[in-house]
Each structure stands twice: as C-alpha cells, then as structure tokens.
Amino acid sequence: MLDMKFLRNNYEEVKEKLKYRGEDLSEFEMFGELDEKRRKLISETESLKAKRNAATEEIAKLKREKKDAEPAIQEMREVGKKIAELDKELKEVEEKLKQILYSIPNIPHESVPIGEDEDDNVVHRTWGEPPEFDFEIQPHWDIAKNLNILDWERAAKVTGSRFVFYTGLGARLERALLNFMMDYHADHHGYTEMLPPYIVNRMSMIGTGQLPKFEEDAFKLEEWDYFMIPTAEVPVTNYHRDEIMLDLPKKYVAYSACFRSEAGSAGRDTRGLIRQHQFNKVELVQFVKPEDSYETLEELTGHAEKILQELELPYRVMSMCTADLGFTAAKKYDLEVWIPSQNTYREISSCSNFEDFQARRAGIRFRREPNAKPEYVHTLNGSGLAIGRTVAAILENNQQEDGSVVIPKVLVPYMGGVEVIR
RNA sequence: GGAAGGUUGGCCGAGUGGUUGAAGGCAACGGUCUCGAAAACCGUAAAGGAUAUGAGGAAUAUCCUUCAGGAGUUCGAAUCUCCUACCUUCCGCCA
C-alpha cells in the first residue's frame, strides 16, 4: 500500500513508474476524484461534529443548573441526522479508496532493471560450474523412482495431483535439509527461530499483500475466513502487525509447509518437485530501519546463497526486472539453481525488499527514540531455501552413473551418516 | 457444543450516560540536586485524520476520531443494548 498523501502529491510520477510493471491501472484513475470527495466530506462532517460537541456541553450545563434544555436538544436532533448521513457517505468513499490503495502494486526501486517480461531479468552473478556428466543423465523424478524415495502415485490416490509422499531416505533427506537450513541461519546468521501457524486470517493475507488481489491463488478454508499460508512470510511478517517496534533490526527464520493453488499454471512442471500444491520452505524475514533496507537485501540474499554454497550447488543470482517483480516488492533477487535435466537454472529462492509497502498495510512501525514519532519499518524476506526444489537439485546434480545420489558433505551428519542414497 | 467472566494509552490499572483523551502507578524523556550517578522533587509526554499558516517539507494552531471490532439507543456512550473476534475459568467431547 502506498501513502495516500504521497500518491496525491506525486500522482503522475507514480503512474509513470507503475507503467513498467505492466499492471492494470484502471482503478487507479479514480483515485484523485475520490480523494477529493473524501476530504470534502470530512470537513463537512467534522464542522458539524464540532458544533454538536459544543452544544452537548451546553446542554449538560443547562441540566446541571436545572434549566430547560429542550430547544437545544431539538436542534441537535437534526444535526445528528445530518452527521449520520454524511458519515455513511464518507465510509463508502473511504472503502472504495482503500480498495484502490490495496490494489496498487509497489513502486520499483530505481536500481531495478526496466523490462517487459522475464527475459529482461538481469544475471547479477553466478556461482559454481554446472557439472559435466559422461553418462545419460536422468530427471530427478526418475532418479527418485528408481531409489524408491518419492511416491506420486499414492499421493495422487490419497490427495490428488501435485502432491507427493517422501519415503525412507527421501523423507530423511528433506528433513535433513530443513534442519540444516534452520540451524545454519539460526547459528551463523543471527536469526531467531520461529515455528508459525500454517493457517492465517484475512487481515494477515492483506497485510503481506496476497489479498485482496490474488485470492484465487490461495487455499481457503470452506467454513472459515482462514487461508492456508502460501509462505511463512505471511504469519511471520504479521507477527508484528499493528505494533510499534522498539528494537530493530529483527531477524526471524521460520520453517513451514507452504500451500499454493497454482491457478493459471496448469500444464507447467507437471512432473517432479518443482511445482507442488504443498511444499516445505525455510523463510528468512527481517524488519529493519528504512535507511538500512537495501544493504539488508544484499545481506539476506547472501544468507540464502550461503546455503547453496554449503550444499555445493551451482546457481546464479538474477535481478528481477520491473515486469517480474511481483505485486509487493520494490526490488527482488531470485536465486536460481542449476537443474541438469532441464539444462537451465530454476528459481529456488526469492529475496525481496518491500520497503514500507507491507508495513503500511500491516501497521508495523518503530520509534527511533523513546518519544519520537512512529515510522513505518521496512520488511524483507527471502527463501532460505525452498526445500523440495533443493532436493530436486541435489538428486540431479549429484546423480551417479549407477543411479545413486551422493549426499552433500554438510548433510551427512543430518542423514545419520548416510553418504550415498542407492 | 454448554456456562460464566474479561478485552482501556509503551506496560499495569481506575473508571457504569455529560469539563474522562481518559485517575493512579511503572517505564520513558527534560530539568533541579550531584564531581558524576542513584534517590528525591518539578515538569513533558498516545495514535490517526482534516483544515489553516508555512515550500503541499520541518513546525505551530484549531478541529475531528479513537477505550477489541461492528451495529444500535441517545441531544450526548469507555460507560446502556445487540452481533462478531479473541483471552480466562468450569462442564461436555476428543487426542
């Protein structure tokens, strides 16, 4: 959500910047008119209320002195009715304005490359070399099938498509990664560990920007106004909703299962671990002072990269262009890991600076000094990492000619000493 | 699922229709005192919004709103009524 005053004063400039996002801005057009109407109604209703408040005091005085207050009361009856009418009108206008503000995406940071689609994303840096194989490589779903560590057939029976059972050492590998990542961020990167609810209410989804625009992407509970979280970002960011924070920065690392309807991606990545309705993810979330957020974005991205480096998986860092930023980010880096069977890099982490976009929606503020005015914090988050995709990357990059898979060294202790899945 | 009680400012906590934006306390900030600190004493202190002056900034002034959220009664609601959410306790049910 953008600041209403800022929007009023910089309307044309904002419009110009949002053009690069390729978003539909038709609703945005009504802003000026509604904003003016709102302020006119406020003036009218407030002057009437001031009048009423003065009269009310007068009436109280008359009553105390046991004088006749009836004429004053009669007059205020009319004023009261008028106030009620204006308040109702004002509420409608404010509701419309709120919907508009909620549906305007964030303004891209000046360092974000301008582009029309994902092809305009910029390679920021590359780490490691894609491995060379002197045998016929297999996609991870075939490797997993041969090793008997992933079971899609039964998952389809039990639930449906895009769900999976991890079995045996597969389940162990997933859990090893989860533990390794959590430990690493908590022990080496200074994050506080968090285990959040997987279901949140509507206000939380609005707070981080999933709603009201993208309701069809979410899993909603039938009888409740509750949603399955698409990422731990939602509960962890909303943890501090409507709070005035005192000590910044705050750094949290949270594991959660994530749930996505994947509406609109029918037919894409139908096989394997890349695109599931439910997947596991370790998420990094930070609340920082505005002046620190861009430095923090680099730091946080580095924290996610460190995991890939420890796992010895080749990857690259992409700076997302204006068209591929998503709704809420002012700047975003995607970490893409090498997937040999697809001969390409695939997203495994997204690290974003939202500036005050989420903080404004969710009412997350801080004070610089004990008596200073509250200011909005900047929020950031990044996957550190998506675990299912990490499993896919390990299976593919570490596959051997005999179909076995070598476990990265750092994971062996977490695997109970298992060095190779065969 | 049934019953009772609760939700007030950064925190605790008074307050059952009319100078209550809200007593009191703690924490905070400024000052007096002190070599300095503590203690003591004095003082300042909520958030959001509109308007005016001002550079549509900082600031100041006036006004409005806000006592979980919403609706209602009333000239007037933290205070009365209804609904919702959450918390606590008891009963039931389940693990």
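Letters A, B, ... are given to chains in the order of the sequence lines, protein chains preceding strands, and every chain is numbered from 1.
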- request: Please confirm whether the backbone N or O of Glu118(A) pairs with a side-chain atom of Asn121(A), one donor and one acceptor, at under 3.5 Å?
  value: yes

task: Could you pick out which residue, Gln74(A) or Ile42(A), lies toward the 5' side of RNA chain B when each is mapped onto its nearest nucleotide?
output: Ile42(A)

message: What contact category does Asn201(A) fall into here, base, sugar-phosphate, or nothing, at under 4.0 angstrom with non-hydrogen atoms?
response: nothing

task: With the side chain of Arg367(A) defined as its heavy atoms from C-beta on, choose the nearest nucleotide among rA46(B), rU51(B), rG49(B).
output: rA46(B)

field: Distance, P atom - from rA85(B) to rC26(B), rounded to whole angstrom
entry: 39 Å

message: Just the rounded figure in Å: distance from P of rU65(B) to CZ of Arg38(A).
response: 15 Å

- prompt: Using the C1' atom in both, what is the distance from rU20(B) to rA46(B), to the nearest Å?
  reply: 15 Å

Restricting both atoms to N or O, compile the protein contacts to nucleotides 16-22 of chain B shorter than 3.5 Å, with distance only.
none

- prompt: With a non-hydrogen cut-off below 4.0 angstrom, is Arg202(A) in contact with a base, only sugar-phosphate, or nothing?
  reply: nothing

- prompt: How long is the line joining CG of Leu41(A) and P of rC63(B), in whole Å?
  reply: 22 Å

message: I'd like the C1' distance from rU79(B) over to rA14(B), given in whole Å.
response: 13 Å

field: side chain to side chain contact (heavy atoms under 4.5 Å, CB included) partner of Glu13(A), chosen from Glu16(A), Lys17(A), Lys15(A)
entry: Lys17(A)

task: Would you kindly give the NZ-to-P distance between Lys373(A) and rA46(B), to the nearest whole Å?
output: 10 Å

- prompt: Between rG54(B) and rG43(B), how far is it from one P atom to the other, in whole Å?
  reply: 37 Å

- request: Whole angstrom is fine here: how far is it from CG in Asp242(A) over to C1' in rA46(B)?
  value: 15 Å

query: Between Arg367(A), Arg368(A), Arg365(A), which is the residue that forms a side chain to side chain donor-acceptor pair (under 3.5 Å) with Glu375(A)?
result: Arg368(A)

Closest listed nucleotide, where the reference is the side chain of Lys91(A) and the choices are rA71(B), rA50(B), rU65(B): rA71(B)

task: Mark yes or no for whether Ser261(A), through its side chain, and Glu216(A), through its backbone, hold a donor-acceptor pair below 3.5 Å.
output: yes

query: Choosing from rU65(B), rC75(B), rG56(B), which nucleotide comes nearest the side chain of Asn9(A)?
result: rG56(B)

message: Regarding Tyr376(A), tell me which of base, sugar-phosphate or nothing describes its non-hydrogen contacts under 4.0 Å with the strands shown.
response: nothing

- prompt: Taking all non-hydrogen atoms of both residues, which atom of Ser404(A) and which atom of Leu147(A) are closest, and how far apart?
  reply: CA-CD2, 4.4 Å

field: Atom-to-atom span, CD of Glu94(A) to P of rU65(B) - whole angstrom
entry: 14 Å

Same-atom distance (C1') from rA59(B) to rU19(B), integer angstrom: 29 Å

- prompt: Given atom CZ of Arg39(A) and atom P of rG56(B), what is their separation to the nearest angstrom?
  reply: 13 Å

message: Considering every strand and a 4.0 Å limit on heavy-atom distances, what is the contact class for Ala72(A): base, sugar-phosphate, or nothing?
response: nothing

- prompt: Is the shortest side-chain N to carboxylate O distance from Glu153(A) to Lys157(A) below 4.0 Å?
  reply: no

task: For residues Thr390(A) and Leu313(A), determine if any side-chain heavy atom of one lies less than 4.5 Å from a side-chain heavy atom of the other.
output: yes

message: Would you measure the distance from the C1' atom in rC41(B) across to the matching atom in rU34(B) and give it in whole Å?
response: 14 Å

- prompt: Which pair of heavy atoms, one from Thr328(A) and one from Phe357(A), lies closest together, and at what distance?
  reply: CG2-CE2, 3.5 Å

task: Using the P atom as the reference point in each nucleotide, state the distance between rC42(B) and rC35(B) in Å, no decimals.
output: 22 Å

Pro374(A) side chain, from C-beta outward: closest of rC64(B), rA50(B), rA47(B): rA47(B)

query: Is there a donor-acceptor pair closer than 3.5 Å between any side-chain N or O of Asp324(A) and the backbone N or O of Met320(A)?
result: no

field: Short side-chain N/O contact from Arg8(A) to OP1 or OP2 of rG56(B), under 4.0 Å
entry: no

statement: Side-chain atoms of Lys49(A) come closest, of rA50(B), rU65(B), rC75(B), to rU65(B)

task: With the side chain of Arg52(A) defined as its heavy atoms from C-beta on, choose the nearest nucleotide among rG49(B), rA47(B), rU65(B).
output: rU65(B)

message: Nearest whole Å is fine: how far is rG49(B) P from Leu86(A) CG?
response: 21 Å

message: Nearest heavy atom decides the nucleotide; on that basis, is Thr45(A) or Arg77(A) closer to the 5' end of RNA chain B?
response: Thr45(A)

query: Should Arg365(A) be listed as having a side-chain N or O under 4.0 Å from OP1 or OP2 of rG48(B)?
result: yes

